[in-house]
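Just so it is clear: chains get the letters A, B, ... in the order the sequence lines come, proteins before strands, and each one is counted from 1.
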Amino acid sequence: MSGTSTPKSAGQSLPPPPAAPVTLRINGQDHHLELAPWTSLLDALREYAGLTGTKKGCDHGQCGACTVLVDGKRINSCLTLAVLQEGADITTIEGLGQEGNLHPLQQAFIDHDAFQCGYCTPGQICSAQGLINEGKAHTEDEIRELMSGNICRCGAYVGILNAVKEVVDKKSIALRS
Amino acid sequence: MSSTTNHVGKAPSRVEGPAKVTGAAKYSAEFNVPDLVYGYVVSSPIAKGKILKIHADKVLAIPGVLQVFSHENVPGLAWFDKSYKDDVAPGGSPFRPLHDDEVKFSMQPVALVVADTFELARYAASILDIEYKESTHETDIEAKRDDGHEPGKGKTGYKPPVRRGNANKGLAKAEQHIKQEYIHGAQHHNPMELFGATVHYHPNGKLTIYDKTQGVYNCQQYVTKVFGLSKEQARVVNLYMGGGFGAGLRPQYELFLSVLAALELKRSVRLSLTRQQMFSFGHRPHTLQTVEMGTGPDGALLGLKHSALHETSRFEEYTENVVNWSGMLYKCPDVHLNYQVAALDVYTPLDMRAPGAATGSFALEVAMDEMAYAAGLDPLEFRRRNYAEEDQNENKPFSSKKLREAYDEGARRFGWDKRPMAPRATKEGNMLVGWGVAGGVWDASMQKAAAKATITADGKLTVSSAAGENGTGTYTIMTQIAAETLGLPMEAVTFKLGDTTLPEAPVQGGSWTAASVGSAVKSTCEALGEKLLKLAQKLGDSPLKGAKFEDVEFVNGQIRLRQDHDQAVVLRDVLQTSGEREIEADSSAMPNPLTMQKYSMHSHNVVFVEVKVDEELGTVHVSRVLNVVAAGRILNQKTARSQVLGSIVWGISMALMEETVMDHRFGRYMNHNYAEYHVPVNADIRDIEVVFVEEEDPHVNPLGVKGIGEVGLLGVAAAITNAVYHATGKRVRQLPIYLDKLL
Ligand code: FES
Ligand code: FES
C-alpha cells in the first residue's frame, strides 16, 4: 500500500471556547474554577481543583479509575463535563477519608491488601461506596458482578472482593441490630 | 523477652497503604507545580513512509497554543546512537522521537502540541494537518516463517539457545512422540496509569522530572546524554508507579518529549499519553513455537526440541529467553533449542512480566501434557518422572529447589489424586469440568544496589535507595528489613525511593529488587549498627564492652549480647548520650560471582487449575486455581501473596482474553483501548489461592530471597489450556482460547 495523504481540512479552525466561572461543590466545599465548557469533570478535579486522588486510566469510560460519587451515585467522571455538575454534591476519594481518619472501606482495602500499585484504588473504593449506597450487593457473586466496572490491572480482585464484602456485611449487621 | 522487632517473613500491611487508599499518593502526572503547560502527542496514522509536511500554522494561530514540535523544528540533539541507549536497550539503533521525516511504525509520535491547557492541546493536536507519503509495510510474522535469523547477544541477560547431545537420535529412540505448534499473539502491558511526566522547570534552568518509569537512574542517564545536561540539571523522581509490568523499564517517549518542550519553552510541562497511545510502544511479541519430544517405556524424556520465532522492529533486535527453560525444567539428555527473530515494521517489543518464560512455558507445558497423554501417564506423575535434580543447561546444582515439595503440597491441597485421567469424564449440569497442571522456572537474579541510612537522636531511622514502587511492595519490605536489622518497630522507619538524589538502585525488573535493594538495605543498616555499637561501648561501664559486632543483636530497641540478653543497652539512650544529632552509614550489595559460578539460582512453581466449560456456548470459567511457589524466603506474606494472585489473574488473562490484534492492511493494532483489549474484571475471578513452599537458600543472596513478581505467572495459561483439554477433549494450541476454538 502506498500513496500520499491530503490535509484534513482547509480553511480556518474553530476558535476554542472561552473559559468561564464554574462552581463545583466537592467534598462539601465550593471550588470556584475557571473552566472551558469542554473540560471533563475528571480533568476539572485533577488539573484545576488540585484533587489528583481521582485517576485517569482511559478517559473513555472503559476502566472505572475515575469513579466519583455525584449525589451519592457512582459515575465515571471522565464521561461528564464539569459544567454539567454545577449544583451537584461531588464526593471524591479525598472526601471519603484521610490518613488518620480512614473510611471503613479504605481501612478494609489496607487490611485485605486489596491493591498493589494503588492506581485503580480510589475508583474501586468510590465504586464500592456507590454499590453500598445502591443497597444491591449482598452475596460474593453480586459484589463481583457489580464491581466489574472497575478494572484492576494488578489483579487485586480477591482482596477487593474481601474488603468490600467485609464492609457490606458489617453494614447489614448494623442495619439489622 | 522475645522479639517484637522481627518483621521479616510476617504479613504487615503496606506502609504506603494509607497514602494509596486516600488518594494522597502522587503519581507522575499529579505533581501540580505552578504555571504548567500541557503537551499532547500526535501519532502517525501510517505504519511506514515519510512525513512530507507538517502544516502547523493554523494550529499555532490559536491563542494559547505555544508550539508544535516536530522533526521540522527540533533543535540539534545528541548525534550518536549510544546517547539514546538506555540500560536495558537491546542491540541496534534506538528509536529517536521527532528525529527525521521517517515513519517506522504505526502510531509513531510525529508531533507534540503544547498549549496552555490540556483541553486546548488535545484540540489543537486533533486538527493538526500532516501530509505523509506511505510506503509498503510488513507487519505479519506469519509471512516471515522462513525469514527469521538467530539474533546477536545485544541485550543484557540474553542467552543463546542451548544444544546438548543429539536430539534427533534421542527422538529416534522414543516409543511415544509428539510434535506440535503453539502460538500466542501480541500482548500489551497496559498498566492502569497512563505513561506521563511532569517536568518542573526551575528558574535556574534545572529540571525536576516526575516520570512514569521503573528506573529513575536509567531515565536520568538517557536525558542527560540526549539533551547534554548534567546530572544536577536533571533530577528524575518516581514515588509511585501505577503499574509497570516491564512497560517502564526503558525510557518512554513522554520523557523525551516533555523534557524537550520544557527546555525549549523554558516552562514546566505535563504530558500524558492516551490509552490508545499506550499501544504505540513495547509489547510481548507474537510468537510461533514448535515443541517436539519423545519418551521411553518408563516415561523418561529421551529427546526434546523447542523452537521459537517472534518479531522485532527494523531498528532494534529485541530478544527474550523463550526456549532455554525447556532445557532445564525437566531432565533430558538430548536437547536442541532454536530461537529466531524477524524484523517487521512495528515498534520494538519490550520485556513484559516474565518475558520469554511466560511464552516458552506455555508451549513446553502444554506439550508436556500432550506427551503425558501420549505416554499414558498422569501429567503430574509424568513431570515427577522427569524431575531435574540439577540444571542441565549450566551443568550446575541448584542453590535450592523445592519443586517436588511444591508438587506434593499442591496435589494434596487440590485433591489431584481424585482426577480421572480421561478427558470429558466429569460433568456438572451443562458444564464440562476439567483439571490441568503446569509450571515453570524463573531466574533468581541480583544486581548491584546502594543504600543510605540515617538514625536521629529520637530513634527514627530513614533508609533510602532509588528503587521503584509499582505495586510490588518495595516500601514495605525495605521497611521490614531495615527495622528488623536495627531492632526497631516498623513505625520508627521511613524508606525513601524513586529519586536520583538517592543512592543508585537498578531498574525495577527481573524480580531482583527484593534481592538487590533488600541486600543493600540490610548491609547499610548493619554498617550503621556497627557505628551504634561503638557509641554504645563508649558509655560509662557499658555492658557491651569488648563485644564484637557478631556478638550482639539489635532487638526490641536494644543492643544486647546474643549469649546473655540481660547485657543490654537501650538504643535511644545510646543516641541521646552520644550527643550526636544523627548518625549515618551507606553501603551497597552486589551478587557474589563465586556462588554464581557454583550454583544455578532459580525459582519454580506449579499451578493446578479447574475449569468449567459450557458445552453449548464454548465459554470457559476458571473456577479454581492453586499456585504453589518455591521462591526462597518470603519477606512479606501479604504482599508476596498479592503479587502471585495478580500473576494468576494475568495468566487467566493470557489464556482466555488478552491479545492485541493487528490489521495488516494498516499495520496497526486495532483493539487499542480498554474496551476491546480484554483483561479480567472482578466477575472473571473465582477461587484463587497461593501457597509458598519456602526454601532456605544460603547461597542465593544474604536475604535468601528469589523474587516473586514473575514466577507466579508461569504455567497458569498452560494449566488452563490443559484443563480445557481435560474438560472437553479439545486440544487448543493458540491463545487466547476464545469460544470459537471450542465450538
Ligand atoms: S478514566 Fe474514566 S473510565 Fe477510565
Ligand atoms: S492496584 Fe494496580 S491497577 Fe489495581
Gap between atom [atom2] of [Y] and atom [atom1] of [X] - 0.5 Å precision:
X: B:Leu194; Y: A:Lys55; atom1: CG; atom2: NZ; value: 12.0 Å
X: A:Tyr157; Y: B:Leu645; atom1: OH; atom2: CG; value: 13.0 Å
X: A:Cys58; Y: B:Tyr674; atom1: SG; atom2: OH; value: 8.5 Å

Can you tell me which portion of [X] sits under 4.5 Å from chain A's heavy atoms? Options are side chain, backbone, both or neither.
X: B:Lys50; answer: neither
X: B:Asn32; answer: side chain
X: B:Ser272; answer: neither
X: B:Glu689; answer: neither
X: B:Ala24; answer: side chain
X: B:Met241; answer: backbone
X: B:Arg641; answer: side chain
X: B:Val21; answer: both
X: B:Gln643; answer: both
X: B:Ala124; answer: neither
X: B:Asn673; answer: both

What is the minimum heavy-atom distance between [X] and [Y], and which atoms define it?
X: A:Ile110; Y: B:Gly17; value: CD1-C, 3.8 Å
X: A:Gln116; Y: B:Arg14; value: CG-NH2, 3.7 Å
X: A:Arg153; Y: B:Pro191; value: CG-CA, 4.1 Å
X: A:Cys117; Y: B:Gly243; value: CB-N, 3.3 Å
X: B:Ala29; Y: A:Arg46; value: O-NH2, 4.1 Å

Taking side chain as everything from C-beta outward and backbone as N, CA, C, O, which of these in [X] sits under 4.5 Å from a heavy atom of chain B? Side chain, backbone, both or neither.
X: A:Ile151; answer: both
X: A:Ile125; answer: side chain
X: A:Thr121; answer: side chain
X: A:His60; answer: side chain

Q.
Any donor-acceptor pair under 3.5 Å linking the side-chain atoms of A:Asp113 with those of B:Ser642?
A. yes
Q: Indicate whether the side chain of A:Thr52 and that of B:Lys26 have a donor and an acceptor atom separated by less than 3.5 Å.
A: yes
Q. Could you walk me through whether B:Arg122 and A:Glu47 pass the salt bridge (charged side-chain N to carboxylate O under 4.0 Å, His left out) check?
A. CA-CA 14 Å; B:Arg122 178 174 58 188; A:Glu47 307 296 341; over 6 Å; no
Q: Take the angle between the ring planes of A:Tyr119 and B:Tyr27 and call it parallel below 30°, perpendicular above 60°, tilted in between.
A: perpendicular
Q. Judged by atom type as modelled, is there a donor-acceptor pair below 3.5 Å linking the side chain of B:Arg275 to the main-chain atoms of A:Gly57?
A. yes
Q | Top contributor to chain A contacts, counting heavy-atom pairs under 4.5 Å, from B:Gly244, B:Gly196, B:Gly242 | A | B:Gly242
Q: Give the member of B:Gly471, B:Gly646, B:Pro680, B:Ser647 that has the highest number of heavy-atom pairs under 4.5 Å with chain A.
A: B:Gly471
Q: Apply side chain to side chain contact (heavy atoms under 4.5 Å, CB included) to A:Asp43 and B:Tyr38, showing your working.
A: CA-CA 12 Å; A:Asp43 290 326; B:Tyr38 290 81; over 6 Å; no
(Q) Any non-hydrogen side-chain atom of B:Met192 less than 4.5 Å from a side-chain atom of A:Cys154? (A) no
Q | Candidate pair B:Thr22 and A:Glu94, rule side chain to side chain contact (heavy atoms under 4.5 Å, CB included), full reasoning | A | CA-CA 6 Å; B:Thr22 57; A:Glu94 290 93 342; over 6 Å; no
Q) Is the shortest side-chain N to carboxylate O distance from A:Lys56 to B:Glu193 below 4.0 Å? A) no
Q | Carboxylate-amine/guanidinium proximity below 4.0 Å for B:Lys638 and A:Asp111 | A | no
(Q) Let's test your reading of the structure: which of A:Asp141, A:Leu102, A:Asn150, A:Leu96 forms the most heavy-atom pairs below 4.5 Å with chain B? (A) A:Asp141
Q.
Assess the residue pair B:Asn682 and A:Ile160 against the criterion (side chain to side chain contact (heavy atoms under 4.5 Å, CB included)); give the C-alpha distance rounded to whole Å, side-chain angles, the decisive distance to 0.1 Å, and a yes or no.
A. CA-CA 8 Å; B:Asn682 211 320; A:Ile160 294 168; 3.8 Å; yes
